[in-house]
Amino acid sequence: MALYTQDVSRTFGEYLLIPGYTAAEHTPSNVSLKTPLVKYKKDEEPSLSLNIPLTSAIMQSVSDDNLAVALAREGGLSFIYGSQSIEDETDMVARVKNYKAGYVSSDSNLRADMTLQDVLRLKEKTGHSTMAVTADGTEHSELLGIVTSRDYRVSRMAVDTPITTFMTPFDKLVTASSDITLSEANDIIWEHKLNSLPLIDDNKRLKFFVFRKDYEQHKENFNEILDEQKRYLVGAGINSRDFEERVPALVKAGADALCIDSSEGYTEWQKLTIDWVRKEFGDSVKIGAGNVVDKDGFRFLTESGADFIKVGIGGGAICITREQKGIGRGQASAIIDVAEARNEYFKETGIYIPICSDGGIVHDYHITLALAMGADFVMLGRYFARFDEAPGNKIMLGGTYVKEYWGEGTNRARNWQRYDFGTGASGGEHLSFEEGVDSYVPYAGPLKDNVDRSLSKVRSTMCNCGCLTIPELQANAKLTLVSSTSIVEGSSHDVILKDNLRNTNS
């Protein structure tokens with residue numbers, strides 16, 4: 001008969017942290033969230049680390065180059081989604097590596113033959129109020145003028161008003177050469193009291209914008225993660241089918257770390273993929289593998305040569321693998337089990353293999369729980385899909401702004417490689433059945449504000465536990481299981497919430 005484990009499959013929501021002794025030094029400003037991304041030997045430093053323990057999921061609706069830049073600026077890492085052509089994925093990686101902090105490419109562009117209606121539609125789509133008017137409506141063609149929210153009044157203008165009648169034309173703009181430094185650009189902005197400065201080439205083609213509002217923000221980016229050439233770090237997803245073509249292209253584009261994107265990683269196909277990477281690139285290419293949910297899967301991928309290992313099957317908000325196939329494990333149980341295996345391996349070999357908790361994060365405090373249980377960092381999909389920088393469209397639904405969020409296991413994503421067994425057994429180049437859903441998530445605004453808020457909670461909780469680093473939290477945290485009654489007790493109860501009362505009266 002089948003092997004039956006007596007352990008209950010548990011989720012993060014079934015645990016709480018018990019406070020430890022908090023000394024005077026235990027303040028949020030003293031907490032370090034630095035954590036290793038890839039394996040390293042005892043008493044050595046990892047070749048790649050994160051300044052915050054957050055990575056974004058390898059998903060079409062989450063990790064493109066825009067989000068990658070925003071997250072790297074905060075100290076985390078994005079893995080550009082691999083369910084696209086090799087050329088498109090490498091282009092995204094290259095854009096992140098070539099991105100110059102403070103120099104913003106224009107993604108809100110208009111043609112001179114458009115109207116106020118087009119301006120309003122574009123603002124609704126992107127949320128940006130500064131729009132370039134260019135010769136052909138693309139970001140790098142000849143600059144003809146600029147439209148900002150100060151140039152029009154919706155209440156007093158017809159929507160068919162031509163752009164040319166209210167835009168600021170080129171001859172009235174203050175512009176600068178795209179060759180100037182960021183410091184020089186900021187000096188021009190302050191001297192002329194500008195909100196934005198277009199940078200152009202010798203042929204008047206738009207190259208970048210520099211914005212006044214970004215000045216202070218760039219001063220605050222002390223956590224950003226950079227390579228030796230001061231470029232943002234970025235990861236990329238690969239699969240176990242076309243890796244011989246995809247990996248060299250991504251390495252050439254500058255990807256700092258790769259990760260095999262698969263619904264289940266305890267397979268020979270992942271070993272073969274890692275074997276090929278080691279044969280062609282040695283240890284110079286850092287590659288993560290997964291996903292697994294127990295010690296056996298961890299040990300297999302470790303011995304296959306993975307640089308980090310992702311943990312979690314079926315715990316994502318849009319994942320229905322457990323429902324469809326009956327496989328998986330509660331995320332808390334999976335992390336605890338794999339972390340024990342990781343610690344055992346470290347004692348045996350002196351090699352530390354970071355583990356990533358992928359899925360199951362519903363509330364911000366679940367991040368802290370995942371770290372306390374042994375994860376070195378977490379991978380988030382739904383969390384990041386809510387932000388301005390994520391690829392999903394922002395739309396109004398039932399009076400509320402939402403963003404599109406779809407899983408890689410949906411027919412929309414067409415990511416059949418993620419669920420393939422290496423022989424076309426998934427049904428050829430399509431999915432035999434879906435393991436994800438197409439959905440919406442509440443729109444939450446800019447990434448920076450939300451990440452700052454979430455991590456402030458993590459730092460505060462760590463102080464409550466008497467810990468200033470993630471390794472301290474992993475070693476000293478005390479966890480307790482909670483009953484269904486105590487979960488109710490932990491939320492507001494036996495009171496009438498004012499917000500609910502206002503909504504009822506309205």
Side chains of [X] and [Y] in contact at under 4.5 Å (non-hydrogen atoms):
| X | Y | result |
| --- | --- | --- |
| Val31 | Cys463 | yes |
| Thr302 | Arg342 | no |
| Tyr352 | Lys41 | no |

- Note on the structure: Value for CG (Leu77) from CG (Asp256), rounded to nearest 0.5 Å, stands at 7.5 Å
- Item | salt bridge (Lys or Arg N to Asp or Glu O under 4.0 Å): pairs with one or both residues in residues 270-292, sequence neighbours excluded | Lys271-Asp275, Arg278-Asp283, Arg278-Asp307
- Any chance the side chains of Asn30 and Glu25 put a donor and an acceptor closer than 3.5 Å? no
- Establish, from distance only, whether the side-chain atoms of Arg453 and Asn450 form a donor-acceptor pair under 3.5 Å. yes
- Message: Would you say the ring centers of Tyr103 and Tyr99 fall short of 6.0 Å from each other?
- Response: no
- Task: Apply ring-ring contact (aromatic ring centres under 6.0 Å, His included) to Phe377 and Phe308, showing your working.
- Result: CA-CA 10 Å; Phe377 55 96; Phe308 65 88; 5.8 Å; yes
- Stepwise side chain to side chain contact (heavy atoms under 4.5 Å, CB included) check, Tyr40 with Glu45: CA-CA 7 Å; Tyr40 61 95; Glu45 289 293 319; over 6 Å; no
- For the pair Ser63 (side chain) and Met59 (backbone), establish whether a donor and an acceptor sit closer than 3.5 Å, ignoring hydrogens and angles. no
- Message: Take a 6.0 Å sphere around CD of Glu245 and say whether it holds more than 12 heavy atoms from other residues, nucleotides or ligands.
- Response: yes
- Cation-pi geometry met for Lys394 and Tyr443 (6.0 Å, 45°): yes
- Item | Tyr383 six-ring centre to Arg386 NZ/CZ under 6.0 Å and within 45° of normal | yes
